[in-house]
Trainee: 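The structure under discussion is supplied below as structure tokens; questions concerning it will follow.
These figures come from a predicted structure and were not determined experimentally. All residue numbers in this chain count up from 1 along the given sequence.
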Amino acid sequence: MNGVFMRSMETKQKIVVFYMDGNQQITQRFIRVLKMDDTLVLAYCYYRKSVRTFKRENILSAGRWIRM
């Protein structure tokens with residue numbers, strides 16, 4: 001997943017992540033990574049239309065967003 005996050009940050013590319021929220025619900029989010037460290041990803045969330053912080057341990061998968 002590191003490569004996907006780095007590419008999003010460097011190219012300002014939108015990616016999709018599947019994330020487990022605080023209520024143990026799995027959500028799909030479209031994000032653009034702004035910053036990251038070993039435990040957190042700071043990203044613009046297109047669903048919430050704001051900058052959000054995601055715990056890396058709660059990100060189940062990440063990949064390029066491909067519009068069909």
Trainee: Search all heavy atoms of Phe5 against all heavy atoms of Ala62 and return the closest pair with its distance.
Mentor: CE2-CB, 3.8 Å
Trainee: State, yes or no, whether a side-chain contact exists between Lys49 and Tyr44 at a heavy-atom distance under 4.5 Å.
Mentor: yes
Trainee: Hydrophobic clustering (ILVMFWY, side-chain heavy atoms < 4.5 Å, transitive) - are Leu42 and Tyr46 grouped together?
Mentor: yes
Trainee: When hydrophobic residues are tied together by side-chain contacts of less than 4.5 Å, even through go-betweens, does Met9 share a cluster with Val16?
Mentor: no
Trainee: So, for Arg32 and Lys12, which heavy atoms are closest and what is the spacing to 0.1 Å?
Mentor: CD-O, 3.1 Å
Trainee: Examine Val4 and Val33 and state if one hydrophobic cluster contains both, with Ile, Leu, Val, Met, Phe, Trp and Tyr joined whenever side-chain heavy atoms are less than 4.5 Å apart.
Mentor: yes
Trainee: Checking side-chain contact (heavy atoms from CB on, under 4.5 Å) against Tyr19, which of Ile26, Ile31, Asn58 comes through?
Mentor: Asn58
Trainee: Identify the two heavy atoms, one from Val41 and one from Arg56, that lie closest to each other, and give their separation to 0.1 Å.
Mentor: CG2-CG, 3.6 Å
Trainee: Is the Phe30-Tyr47 ring centre distance short of 6.0 angstrom?
Mentor: no
Trainee: Determine whether Met36 and Met6 make a side-chain contact, defined as any pair of heavy atoms from C-beta on separated by less than 4.5 Å.
Mentor: yes
Trainee: Look up atom CZ in Arg64 and atom CZ in Arg7, then write down how far apart they are to the nearest 0.5 Å.
Mentor: 7.5 Å
Trainee: Less than 4.5 Å apart, side chain to side chain, heavy atoms only: is that true for Gln28 and Val17?
Mentor: no
Trainee: Taking all non-hydrogen atoms of both residues into account, name the closest pair between Ser8 and Ile15 and its distance.
Mentor: CB-CG2, 3.9 Å
Trainee: Closest approach of Arg29 and Phe54, non-hydrogen atoms and distance?
Mentor: NH1-CE2, 3.9 Å
Trainee: Quick one: closest heavy-atom pair of Leu40 and Asp37, and the distance?
Mentor: N-OD1, 2.7 Å
Trainee: Rounded to the nearest 0.5 Å, how far apart are CZ of Arg52 and CG of Leu34?
Mentor: 13.0 Å
Trainee: Treating Asp21 as the side-chain partner and Asn23 as the backbone partner, does any N or O pair qualify as donor plus acceptor under 3.5 Å?
Mentor: yes
Trainee: Taking the side chain as everything from C-beta on, heavy atoms only, tell me whether Ile59 gets closer than 4.5 Å to Met20.
Mentor: no
